[in-house]
Each structure stands twice: as C-alpha cells, then as structure tokens.
Amino acid sequence: MSKNTGKPSIEQVTNNATSWLGHHPKENKDIGRGQTFVAHTEGDVSAIEIYTNIVTRPGQVNLTIHSYDPQKKAWGPAIGTSSLDVNQTHAGKWVAFNIPPTHLDKGASYGFRLESHDSFIGVGEAAGSATQPQFSEGQEWRFTSDNQKADSYSYFSLAFKVGMK
C-alpha cells in the first residue's frame, strides 16, 4: 500500500488468474466482481487496492463497500463508495480506490463490489481449490446484469489490499 492509502489491514496478493469485470463486449451484459473479508482491526478504511492485469477497454470503475452477513450470504447497503477512471496505463499495476473514511469493526465481515458499465478489464485473482483455497476468510463474487442471483466462490479470491488508518 502506498503511504496515502494506509497500512494493509487485510490483503490477498496472490495473482495466478484473471477475473473479468465490466461491460462484456460480445454478451452485451455487465459483469461485476466482489470480495468478502473479515476486518482484523478496528479503524477507518482509507483505500481498497485491486490488481489490474489487463485493460481491454478503458472506463470508469465503481467500488462500493458493504457490511456482509456470511451466514445468510447477504450484502448490506453500501457504507462507502469510490470511482476510478481506468486505462491501459493501469495494466499490470495495483490501483487504489480512495474511500472517504468508512469505519470497520474488528471481527466483522465486509465486502466490496466492483462494477463498470463502460470498461472491460481483467483483475487479478487467486485460484485455489475447494480443499486448498488461496484465501479462507472470504469469497469472490460474480454479479451479472442478466442474473438476479449472484454466484460466490470460496476457492477464488480477488487480489486486493484493504488500507486502514
């Protein structure tokens, strides 16, 4: 994390696969991604960073952070938001979504969602297996504009860092 984004409270930095996000050019639908996690410390989120593998079409990516109920697999309303214009210069780099101070409680579950209606990018993810997940404290989520039910995967995780102050 850069010094502007705080110290990483939780991170998953393995990047051995690519997960697509944004407006799919051939299927004409929007694909959103999400990641759930448990806060290790109490404090205010200053930024969430994701790793951008490839940018095939630049555009605006929106991030929202939510409370999350892991028993019900239910996302609460957004408690923080940020937007970033992503272009080809971001490919192969960590990009930070600076968030107005959003308080997280130690031991509570949260999630962030990434959505875009005009870009199409590949974000870093860690692929594991059901018996050996890369990240055991959360799940990667996939949302699509043509499916009311989101899909979650415990053996996949986005590459991310949550910065706390």
Side-chain angles (χ1 to χ4, degrees), residues 1 8-40 45 47-57 59 61-82 84 86 90-97 99 102 104-105 107-117 119-164:
M1 308 244 23
S9 167
I10 189 159
E11 60 183 25
Q12 190 298 109
V13 296
T14 300
N15 172 31
N16 62 13
T18 300
S19 189
W20 292 98
L21 160 71
H23 186 75
H24 194 286
K26 293 186 179 171
E27 296 179 20
N28 197 30
K29 65 180 173 183
D30 293 340
I31 301 169
R33 293 292 172 179
Q35 178 67 49
T36 59
F37 61 92
V38 175
H40 290 179
V45 172
I48 294 178
E49 291 185 55
I50 62 163
Y51 190 80
T52 308
N53 281 333
I54 187 168
V55 177
T56 61
R57 187 174 46 231
V61 178
N62 302 309
L63 180 143
T64 53
I65 188 166
H66 305 256
S67 60
Y68 176 73
D69 183 333
Q71 277 70 41
K72 295 180 182 176
K73 288 192 169 189
W75 292 73
I79 58 174
T81 63
S82 181
L84 184 66
V86 177
H90 294 108
K93 297 179 182 171
W94 287 97
V95 294
F97 290 84
I99 299 171
T102 302
L104 302 185
D105 294 320
S109 294
Y110 297 92
F112 63 88
R113 288 177 66 156
L114 299 162
E115 297 175 326
S116 180
H117 304 294
S119 71
F120 194 59
I121 64 173
V123 295
E125 76 176 348
S129 68
T131 57
Q132 289 187 307
Q134 292 282 343
F135 181 70
S136 61
E137 296 181 12
Q139 299 176 317
E140 182 178 332
W141 286 73
R142 182 177 190 268
F143 308 92
T144 59
S145 56
D146 65 346
N147 182 1
Q148 295 299 322
K149 181 183 172 293
D151 298 313
S152 63
Y153 307 93
S154 58
Y155 47 89
F156 285 113
S157 173
L158 295 179
F160 72 98
K161 302 176 185 178
V162 177
M164 303 278 285

With Asn15, which residues qualify under side chain to side chain donor-acceptor pair (under 3.5 Å), at least two apart?
Asn53
Close side-chain approach of Val45 and Met164, heavy atoms under 4.5 Å
yes
Dump the intermediate steps for side chain to side chain contact (heavy atoms under 4.5 Å, CB included) on Phe160 and Val123, then the final yes or no.
CA-CA 10 Å; Phe160 72 98; Val123 295; over 6 Å; no
Minimum heavy-atom distance Gly22-Phe120, with the two atoms named
C-CD1, 4.0 Å
Looking at Gln12 and Trp94, what are the two nearest heavy atoms and their distance?
O-CH2, 4.3 Å
Could you tell me the separation between the [atom1] atom of [X] and the [atom2] atom of [Y], rounded to the nearest 0.5 Å?
| X | Y | atom1 | atom2 | result |
| --- | --- | --- | --- | --- |
| Leu104 | His40 | CG | NE2 | 11.5 Å |
| Glu49 | Lys93 | CD | NZ | 13.0 Å |
| Phe97 | Leu84 | CZ | CG | 5.0 Å |
| Arg57 | Ile121 | CZ | CD1 | 11.0 Å |
| Ile31 | Ser145 | CD1 | OG | 8.5 Å |
| Phe143 | Leu21 | CZ | CG | 11.5 Å |

Using the test salt bridge (charged side-chain N to carboxylate O under 4.0 Å, His left out), find all partners of Arg113 that sit at least two apart in sequence or belong to another chain.
Glu115
Distance-only, no hydrogens or angles: does the Asn16 side chain make a donor-acceptor pair with backbone N or O of Ala127 under 3.5 Å?
yes
Between the main-chain N or O of Asp105 and the side-chain N or O of Tyr110, is there a donor-acceptor pair closer than 3.5 Å?
yes
Contacts table for residues 152-159: side-chain donor-acceptor under 3.5 angstrom, sequence neighbours left out:
{"unit_1": "Ser152", "atom_1": "OG", "unit_2": "Lys73", "atom_2": "NZ", "d": "3.1"}
{"unit_1": "Ser157", "atom_1": "OG", "unit_2": "Gln35", "atom_2": "OE1", "d": "3.3"}

Worked check of side chain to side chain contact (heavy atoms under 4.5 Å, CB included) between Thr14 and Tyr51
CA-CA 10 Å; Thr14 300; Tyr51 190 80; over 6 Å; no
Determine, stepwise, if the pair Trp75 / Thr36 fulfils side chain to side chain contact (heavy atoms under 4.5 Å, CB included).
CA-CA 9 Å; Trp75 292 73; Thr36 59; 3.8 Å; yes
Side chain to side chain contact (heavy atoms under 4.5 Å, CB included) against Asp69, all qualifying residues, sequence neighbours excluded
Gln71, Lys72, Ala74
Using the salt bridge (Lys or Arg N to Asp or Glu O under 4.0 Å) rule, collect all pairs that involve residues 18-35, keeping only residues at least two apart or in two chains.
Glu27-Lys29, Lys29-Asp146, Arg33-Glu140
Can you say whether the rings of Phe112 and Phe37 are parallel (under 30°), tilted (30 to 60°) or perpendicular (over 60°)?
tilted
Under 3.5 Å donor-acceptor pairs involving side-chain atoms of residues 61-68, not counting sequence neighbours:
{"unit_1": "Asn62", "atom_1": "OD1", "unit_2": "Ser83", "atom_2": "OG", "d": "2.6"}
{"unit_1": "Thr64", "atom_1": "OG1", "unit_2": "His66", "atom_2": "NE2", "d": "2.7"}
{"unit_1": "His66", "atom_1": "ND1", "unit_2": "Gly76", "atom_2": "O", "d": "2.8"}
{"unit_1": "His66", "atom_1": "ND1", "unit_2": "Ala78", "atom_2": "N", "d": "3.4"}

